[in-house]
**Q** 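Questions regarding the structure given below will be posed in turn.
The first residue of the sequence shown is numbered 1, and numbering continues consecutively from there. Start at 1 and go down the list; that is how both ligands and their atoms are numbered.
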Amino acid sequence: MIPKNSNPRCQAQTKSGEPCRAAATSGGLCFFHANPDKAAELGRIGGRKKSRLPAEVPNPLPKLDKVSAVQDAVEKLIADVYAGRLHPRVAAGLAPLLNLQLRTVEATDLERRLEQVEKPLARAEAEDDRT
Ligand SMILES: [Zn+2]
């Protein structure tokens, strides 16, 4: 036996005041009336597709193996967002990663510089031992 109410309609009304004709979910409302934020979100996505802002990074990122390279990349990202070449959402997604990369290369940079200081010191000490 098939229940009469197996395919209930949404209880809400459309913007024009007519009953919504979409299929209702368990709450008695259709997906969009039950999730008004979702509709706005989908609308925004649709709007973004029509805009000229590219969703992808326009240029491949350079090698970020030095503090200065990360700084250059950040500078370029800011310029790209400012000029409308890069979507702010992409930049916002990259920001914490660049931050992480900066901290990583900063640590490597420090190690490299420490090595440059320590090596001659060790050599000098070795020479001192010989005398
Ligand atoms: Zn509805």
**Q** Going by the side chain to side chain contact (heavy atoms under 4.5 Å, CB included) test, name the single residue among V74, L98, V105, L102 that passes it with L64.
**A** L98

**Q** What is the number of protein N/O/S atoms located under 2.8 Å from the Zn ion (ligand 1)?
**A**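 N, O or S atoms of the protein closer than 2.8 Å: 4.
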
**Q** Any chain of hydrophobic side-chain contacts (each under 4.5 Å) joining L29 to F32?
**A** no

**Q** Is there a donor-acceptor pair closer than 3.5 Å between any side-chain N or O of N35 and the backbone N or O of F31?
**A** yes

**Q** I need the minimum non-hydrogen distance between T14 and C20, along with the two atoms involved.
**A**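 Scanning both residues, the minimum pair turns out to be CG2-CA, 3.9 Å.
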
**Q** Could you tell me whether K76 and D72 have a side-chain N and a carboxylate O separated by less than 4.0 Å?
**A** no

**Q** When you measure from the side chain of H33 to the backbone N and O of C10, does any donor-acceptor pair fall under 3.5 Å?
**A** no

